[in-house]
Amino acid sequence: MGDTLITIIAIFLAATLMFVFPLMSVSERTDDITQLNIQTLTTQFVDNIRTTGKFTEANYGTFIERLAATGNAYDVELEFKIQDSNPGRKPAAGTSTTKIGENLYYSEYTSQILEETRNNNGVKNLKEGDIVSVKVKNTNKTISEMLRNFFYSLSGDDTYQIAASHSGVVMSTGR
């Protein structure tokens, strides 16, 4: 009876070592590759906006389609900090006269940006000096998260495995 119990335990451990751990390793590797892909897509999307000075529905749609092609669902947060000058403040003696006052920024977020883009024939023009920020994170559970939760109970419901963000200053005014 004792040998049978030890044999059953040995078979269970062997099956775990032969199947579960390689599956966990492969699924974590898949998440790593997806993470790299998402970071690259986000960087390209933001850099396109920065260099052209335009946010378009077409480019945003393409970005969302490429994110969805990874097989995960994502939450995309856009933030544009629009440069607004304060003309009420005069420069001090001996300073540059080309700039009157300090630069102030106001923020626009995803819903505002998309609504304004729809109202302006699918294009939102930005000006030089505006700041673009995009954050992407997955909203579904990946296979590696499910396996990790099953074996280790590490991550909670509000965590995410795959995330990317990129931001930068717009370099040219869109027309």
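Being a predicted model, the structure only gives us computed values, none of them experimental. Atoms considered below: every heavy atom in the structure, side chains included; atoms not considered: hydrogens, waters and symmetry mates.
Side-chain atoms of D130 do not come within 3.5 Å of backbone N or O of I82 as any donor-acceptor pair. Between the side chain of Q161 and the main chain of T142, no donor-acceptor pair closer than 3.5 Å is present. N37 contributes no side-chain N or O that, together with a main-chain N or O of I33, makes up a donor-acceptor pair within less than 3.5 Å. Counting only distance, with no hydrogens or angles, the side chain of T117 and the backbone of T56 share no donor-acceptor pair below 3.5 Å. Proximity of a side-chain donor or acceptor of S172 to a complementary backbone N or O of T51 within less than 3.5 Å is detected. The main-chain N or O of Y74 is never found under 3.5 Å from a side-chain atom of N138 such that the two would form a donor-acceptor pair. Looking at Q39, its side chain never comes within 3.5 Å of a backbone N or O of L36 through a donor-acceptor pair.
Within the model, atoms CD1 of I131 and OG of S167 stand 8.0 Å from one another, a figure rounded to the nearest 0.5 Å. In this structure, CG on N59 lies 7.0 Å from OG1 on T52, to the nearest 0.5 angstrom. Here CZ of R66 is found 11.5 Å from CD1 of I38. Values are rounded to the nearest 0.5 Å. Distance OG1/T62 to CG/N48: 10.0 Å, rounded to 0.5 Å. With rounding to the nearest 0.5 Å, the separation of OG1 in T110 from OH in Y60 is 6.0 Å. Rounded to the nearest 0.5 Å, atoms NZ (K127) and OG1 (T173) are 8.0 Å apart.
With a 4.5 Å cut-off on side-chain heavy atoms, V170 and V132 count as touching. Between S107 and Y109 the shortest side-chain heavy-atom distance falls below 4.5 Å. Using a 4.5 Å cut-off on side-chain heavy atoms (C-beta onward), L114 and F55 make contact. With contacts defined as side-chain heavy-atom distances shorter than 4.5 Å, the pair N125/V123 qualifies. Residues Q35 and D31 are not in side-chain contact: their nearest non-hydrogen atoms beyond the backbone lie 4.5 Å or more apart.
I49 and V169 are members of different hydrophobic clusters when ILVMFWY side chains are connected at heavy-atom separations under 4.5 Å. Under the 4.5 Å side-chain heavy-atom criterion for ILVMFWY residues, no single connected hydrophobic cluster contains both I11 and F19. M18 and V26 are members of different hydrophobic clusters when ILVMFWY side chains are connected at heavy-atom separations under 4.5 Å.
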Exercise. Could you go through the side chain to side chain contact (heavy atoms under 4.5 Å, CB included) check for H166 and V134 one step at a time?
Key: CA-CA 6 Å; H166 192 67; V134 177; 5.8 Å; no

Exercise. Using the side chain to side chain contact (heavy atoms under 4.5 Å, CB included) rule, take K137 and E77 through it: C-alpha gap first, then chi angles, then the decisive distance, then the call.
Key: CA-CA 9 Å; K137 60 183 176 184; E77 297 176 13; 4.2 Å; yes

Exercise. Dump the intermediate steps for salt bridge (charged side-chain N to carboxylate O under 4.0 Å, His left out) on R50 and D47, then the final yes or no.
Key: CA-CA 5 Å; R50 288 178 55 231; D47 287 347; 3.0 Å; yes

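Remark: N121 CG is loosely packed, at most 12 non-hydrogen atoms of other residues, nucleotides or ligands lying under 6.0 Å away. Within 6.0 Å of atom CD1 in I143, 12 or fewer heavy atoms from other residues, nucleotides or ligands are found, so the atom counts as exposed in its surroundings.
Neither side chain, T139 nor D75, offers a donor N or O lying under 3.5 Å from an acceptor on the other.
A salt bridge links K124 to E108: at least one charged side-chain nitrogen sits closer than 4.0 Å to a carboxylate oxygen.
By the 30° and 60° cut-offs, the orientation of the rings of F63 relative to F45 is parallel.
Scanning both residues, K141 and E145, for their nearest heavy atoms gives CA-OE1, 3.5 Å.
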